[in-house]
Number of protein chains: 2
Amino acid sequence: MSRLEPQAGAALVLVVDDEPAQRALLSYNLEAAGFRVLTAQDGEEALLVIAEEAPDVILLDWMLPRVSGIEVCRQIRARPEAQGSAVIMVSARSEEGDLVRGLETGADDYITKPYSVSELLARVRANLRRVRPSQSGAVLEVGDLRLDAQAHRVHRGARDVHLGPTEFRLLAALMERSGKVWSREALLDRVWGRDIYVDSRTVDVHIGRLRKTLCAGGEQDPIRTIRGAGYAIEDR
Amino acid sequence: MSRLEPQAGAALVLVVDDEPAQRALLSYNLEAAGFRVLTAQDGEEALLVIAEEAPDVILLDWMLPRVSGIEVCRQIRARPEAQGSAVIMVSARSEEGDLVRGLETGADDYITKPYSVSELLARVRANLRRVRPSQSGAVLEVGDLRLDAQAHRVHRGARDVHLGPTEFRLLAALMERSGKVWSREALLDRVWGRDIYVDSRTVDVHIGRLRKTLCAGGEQDPIRTIRGAGYAIEDR
DNA sequence: CCAAACTGTCACCGAACTGTCACCATCTGC
DNA sequence: GCAGATGGTGACAGTTCGGTGACAGTTTGG
């Protein structure tokens, strides 16, 4: 496996582990596979990072000092910003009770030590595929809309629709969670990136442009405006 | 665990296994946990069922006659109707290569035999939570009222109800604790926020508007006024 | 190097939403 | 039945919010 440069659009993985050596090992392997990696050494730090960066996948060590992993997991799941993240618990124990408790608490998956690098990466990718379908070349479908992330192509029914880069990412975000209401801030984060500063009204303008293009054939508007809250895309 | 009747809204699980005894065992346990269950004895039958019923979760045995589970998994993933399903591979072998191949092929999860019933159910539920987020959480229901916080949407029976932001939050508060009597002050706190000061009669006006909208189809008023105390919403 | 495509911001407008009031119907205790 | 308290509601005016055309700056592709 060759070393890849993490790109701006690469998936973001948060590693939560109290042992520096573990963090370094995981980070190294994940970065080598092209992921962007953040680390935290305890639950408290993890929650801070999550609030700021909204990682796509969270690797959470079971044995944390002070607060147990399961408790951290529960806290993470209680945060609205973390709804879009997948949580993978990492544990030295393979006792079934732990597994069950972990999953019931809201973890999405579970890896038992010792694990191989390929298993780790497979798990991370499998979860990523679920949480961020558009980042893994999947084809998203909502109603008569089809978005092929790999081919960078959008169809409305039989019609081929051309979108600019921003509108494309915007539509991909909306379609990834159809029905979910995205606030303007969440969309800015997701589509424009965390550190870019643009006026939140800019989202409106792009939504307008997106609507115009999507409905150029006289179709019904698939984007719903929720006054005071944001936008959502919907099947009907 | 007591035996539950599978309800109309219950999640649908497809069990694919060639051994009748296995199918029966899995079906029994899943049904006992309240799931609706379908079965198929090979990949071909599975694909037929998937096309017709679009199950939420598919439990796929690795060792199938004629066509291997991994091949079936690939075929399932190729079907657009199966995009909304989670695939859990069930295997007797725990070799890592299989796991990796399974996940890379598009399986969402993996259970190794022997597994316990609680592990099975935990896995199914965890995957369900991902695939059908609305079936496990943010939806409030009281009588024929349904409020989906994620989608910011309200239904009265089959009718789609449109509410303004304030009415939406007001209804959400009432529904969150159905039966509880909310004083005007408590509602002001909860819906308008602690530091905003508005006349407490304003609550009355919004309750009135809410009632009008909720009963626009001639339905019964779901909001009860408790003279001298406040308001409550109720199932009846 | 130029034209076309794409972006972000602004200003303006209409629609939606809000809070308050006045007036009336009910209810409560006496 | 009466007076006072309580709750329902239509009207209204002020405010906020979202849609959109215009425009200028920037990037892209040939």
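Letters A, B, ... mirror the listed sequences (proteins, then strands); counts begin at 1.
- Closest to the side chain of A/T202, from the set C/dT9, C/dG19, D/dG19, is C/dT9.
- Base engagement by A/R209 is indicated by at least one non-hydrogen atom pair under 4.0 Å involving a base atom.
- There is no side-chain donor-acceptor pair under 3.5 Å between A/D108 and A/N127.
- When distances run from any side-chain atom of A/D199 to the nucleotides C/dT9, C/dT20, C/dT7, the shortest one goes to C/dT9.
- Within the structure, every side-chain polar atom (N or O) of A/H206 is placed at least 4.0 Å from both OP1 and OP2 of D/dG18.
- Of the candidates D/dG19, C/dC17, C/dG19, C/dG19 carries the atom nearest the B/W192 side chain, counting heavy atoms from C-beta on.
- When atom types are taken as modelled, the side chain of B/R224 and the backbone of B/A232 share no donor-acceptor pair closer than 3.5 angstrom.
- Minimum atom distance to the side chain of A/H162 is reached by C/dC6, of the listed C/dG8, C/dC6, C/dC17.
- Ion pair B/D189/B/R184 not flagged as a salt bridge, since none of the NZ, NE, NH1 or NH2 atoms sits closer than 4.0 Å to an Asp/Glu carboxylate oxygen.
- An OP1 or OP2 oxygen of D/dG8 is reached within less than 4.0 angstrom by no side-chain nitrogen or oxygen of B/K212.
- Listed nucleotides: C/dT7, D/dG18, C/dG19. Nearest to the side chain of A/T166: C/dT7.
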Enumerate the protein-to-nucleotides 22-29 of chain C contacts in which both atoms are nitrogen or oxygen and the separation is below 3.5 Å.
none

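- For B/V205, taking side-chain heavy atoms from C-beta onward, the closest of the listed nucleotides C/dT20, C/dG8, D/dG18 is C/dT20.
- No engagement by A/F168 is indicated, since no non-hydrogen atom pair under 4.0 Å with the nucleic acid exists.
- Distances shorter than 4.0 Å separate some side-chain N or O of B/Y231 from OP1 or OP2 on D/dG8.
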